[in-house]
Asks: 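Let me give you the structure first, and then I'll get to my questions.
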Number of protein chains: 2
Amino acid sequence: MDRRQEIMEAAAKSFSLFGYKATTMDQVAKIANVGKGTIYTFFSNKEELFNAIVLKMIEEMRAVSESAMVEGASFEQNAHTLLIQMLKFRKTHLLYAKLIDEEKELRTPAVIEVLAEIEGEIVSYIKAKIERAIAKGELKQCDSELVAYLLFKAYMALVVDWGKTHNGELSEERIAGLLGGTIFTSLLA
Amino acid sequence: MDRRQEIMEAAAKSFSLFGYKATTMDQVAKIANVGKGTIYTFFSNKEELFNAIVLKMIEEMRAVSESAMVEGASFEQNAHTLLIQMLKFRKTHLLYAKLIDEEKELRTPAVIEVLAEIEGEIVSYIKAKIERAIAKGELKQCDSELVAYLLFKAYMALVVDWGKTHNGELSEERIAGLLGGTIFTSLLA
DNA sequence: TAGTTGACCGAAAGTGTATTTTGGTCATAA
DNA sequence: TTATGACCAAAATACACTTTCGGTCAACTA
């Protein structure tokens, strides 16, 4: 069997279940049925193993949202489903949810770093979509990085933050309505 | 002399200098030149004293941004200066800055609560401005609460958060340009 | 007698120290 | 060569002890 693969799976399981800090290398070794030293022949340390797992999750995320996109649809529709998908993933995916929890509760530096990296990845993914839409002539020229950032933050605010201070989450339609009427329309060519 | 006033001033000074947690009631009493018991004849506990100080700061904030508004100017111009003013205050005001720091470093519950309250206050202030602009016919009908929330979060993201991940802060003009071209224009009647 | 005070109290936070856990190594084994 | 787990230093934890702090109230003033 592929030992590297088994280690990755064991680590993913443990990180998802217990978080980064509470996952010990001994535990990963035990779950993977390998000696602890074996892990270090594939990954130079705990953090690198962690990064490898997270990288895999990012790919998974990209695949999920890519599959949710519709070929002929407008930029607005696709960007909306893309972002909603991402934030749904954020809440649903066991590892992602666990990491968010750990960031809030434990403030583990490695976790904080990784989450920032994931968000950066999402933003640059949106940025690419914007640039493609501009190239296609669907959107007017704009600072794609800045707009991607703003879009991401807007969705985060409405989907994630709103519920913390107001009771009842915002419906997907209400969000689509608000942003469709404000940010999106103004981006059109 | 007004003992209540003296206590308030002493407390404001101490909270600004050392934060909520590191401020002791003994210290406030000493600075105010009163016995500790005297404080409790005006404020039922430390948290209420704190709330009183913060309430005063909120009024101060409101006054500052009110004075920065121009009577004849457009909603966009006034909302922009209002929000920029608020976020400048947030950084400049000794107490506010100290509380933000304490929230990040110590996570003091009383401080977290109070900061959330302040943000809520800012949002409802913007909300009122929006409603007035709608009544005046300057803006089209919209969910004022939601738009106020979105505006606040957008400014926070661009003014406060952007600098944490990208190097170099965004200039006021660039922010005005981005939001003027996106959110603001679409709100017009 | 209305207002002020600081000694006092229990609870909570802090401190120093013994003990355990954990990331990572490497001599040995397969 | 590759895999392993006993081993190590460093970090985390647990625990007992001390100090600090928010809040009270009997005594004290004016």
Side-chain angles (χ1 to χ4, degrees), chain A residues 1-54 98-99 101-114, chain B residues 1-54 98-99 101-114:
Chain A
M1 282 229 199
D2 186 354
R3 298 180 103 62
R4 186 191 158 89
Q5 170 98 1
E6 297 208 282
I7 291 167
M8 291 264 296
E9 272 166 27
K13 190 176 293 179
S14 184
F15 285 138
S16 298
L17 244 45
F18 312 114
Y20 178 77
K21 199 186 169 199
T23 288
T24 70
M25 295 302 261
D26 282 289
Q27 186 169 169
V28 173
K30 189 174 262 178
I31 297 175
N33 270 101
V34 298
K36 185 163 60 158
T38 307
I39 298 175
Y40 289 88
T41 65
F42 295 105
F43 305 93
S44 63
N45 54 43
K46 187 183 178 184
E47 201 160 345
E48 265 208 17
L49 171 59
F50 183 48
N51 286 335
I53 302 296
V54 168
K98 190 77 197 173
L99 294 182
D101 189 63
E102 186 169 351
E103 178 182 48
K104 200 173 69 179
E105 302 297 330
L106 288 309
R107 320 218 100 191
T108 319
V111 172
I112 294 174
E113 257 172 49
V114 135
Chain B
M1 283 225 199
D2 188 355
R3 295 177 107 60
R4 187 192 159 89
Q5 171 97 2
E6 298 207 282
I7 290 166
M8 292 264 297
E9 273 166 28
K13 191 176 293 179
S14 184
F15 285 137
S16 298
L17 244 45
F18 312 114
Y20 178 76
K21 199 187 169 195
T23 288
T24 69
M25 294 304 260
D26 282 290
Q27 187 170 157
V28 173
K30 189 173 261 178
I31 297 175
N33 271 102
V34 298
K36 185 163 57 159
T38 308
I39 299 176
Y40 288 88
T41 65
F42 295 104
F43 305 94
S44 63
N45 54 44
K46 187 183 178 184
E47 201 160 343
E48 265 208 18
L49 172 59
F50 183 49
N51 286 335
I53 302 297
V54 169
K98 191 77 197 174
L99 295 182
D101 189 63
E102 187 169 349
E103 178 181 47
K104 201 173 67 181
E105 302 297 330
L106 288 309
R107 320 220 100 192
T108 319
V111 172
I112 294 174
E113 258 171 48
V114 134

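We name chains A, B, ... by the order of the sequence lines, and we start the count at 1 in each one. What you see is a predicted model; the values in this text were computed from it and never measured.
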Asks: How long is the straight-line distance from CD1 of A:I39 back to NZ of A:K36, given to the nearest 0.5 Å?
Replies: 8.0 Å

Asks: For A:V34 and A:I7, which heavy atoms make the closest approach, and how far apart are they?
Replies: CG2-CG1, 4.1 Å

Asks: Report the distance from atom CD of B:E113 to atom CG of B:N51, rounding to the nearest 0.5 Å.
Replies: 8.0 Å

Asks: For a 4.5 angstrom cut-off between non-hydrogen side-chain atoms, does A:Y40 reach A:M25?
Replies: yes

Asks: Return the minimal non-hydrogen interatomic distance between B:A29 and B:G35, and the atom names on each side.
Replies: CB-C, 4.1 Å

Asks: Nearest 0.5 Å, please: how far is CZ in B:R4 from CZ in B:F43?
Replies: 4.0 Å

Asks: Give the first and the last nucleotide of DNA chain C, reading 5' to 3', that has any atom under 4.0 Å from a heavy atom of chain B.
Replies: C:dT4 to C:dG14

Asks: Considering only residues two or more places apart or on different chains, which pairs with a residue in residues 14-23 of chain B satisfy side chain to side chain donor-acceptor pair (under 3.5 Å)?
Replies: B:S14-B:T23

Asks: Output the distance between atom CD (B:Q27) and atom CD1 (B:I31), rounded to the nearest 0.5 Å.
Replies: 4.5 Å

Asks: Can you give me every donor-acceptor pair (side chain of residues 104-111 of chain A, partner residue at least two apart or in another chain, under 3.5 Å) with its distance?
Replies:
from   : atom 1 : to     : atom 2 : distance (Å)
A:R107 : NH1    : B:K104 : O      : 2.9
A:T108 : OG1    : A:E102 : OE2    : 2.7

Asks: Produce a footprint string for nucleotides 20-25 of chain D: one letter per nucleotide, 5' end first; B if the base is under 4.0 Å from any protein heavy atom, S if only the sugar-phosphate is, - if neither.
Replies: -SBBBB

Asks: Of the residues in residues 2-18 of chain A, which ones touch DNA chain C at a heavy-atom distance under 4.0 Å?
Replies: none

Asks: Which atom pair, heavy atoms only, marks the closest approach of B:F18 to B:K98?
Replies: C-CE, 3.6 Å

Asks: Output, in order, the C-alpha distance, side-chain angles, deciding distance and verdict of side-chain contact (heavy atoms from CB on, under 4.5 Å) for A:E9 and A:Q5.
Replies: CA-CA 6 Å; A:E9 272 166 27; A:Q5 170 98 1; 2.9 Å; yes

Asks: To the nearest 0.5 Å, how far apart are CG in B:L99 and CZ in B:F15?
Replies: 9.0 Å

Asks: Counting only non-hydrogen atoms, which of residues 102-114 of chain A are less than 4.0 Å from DNA chain D?
Replies: none

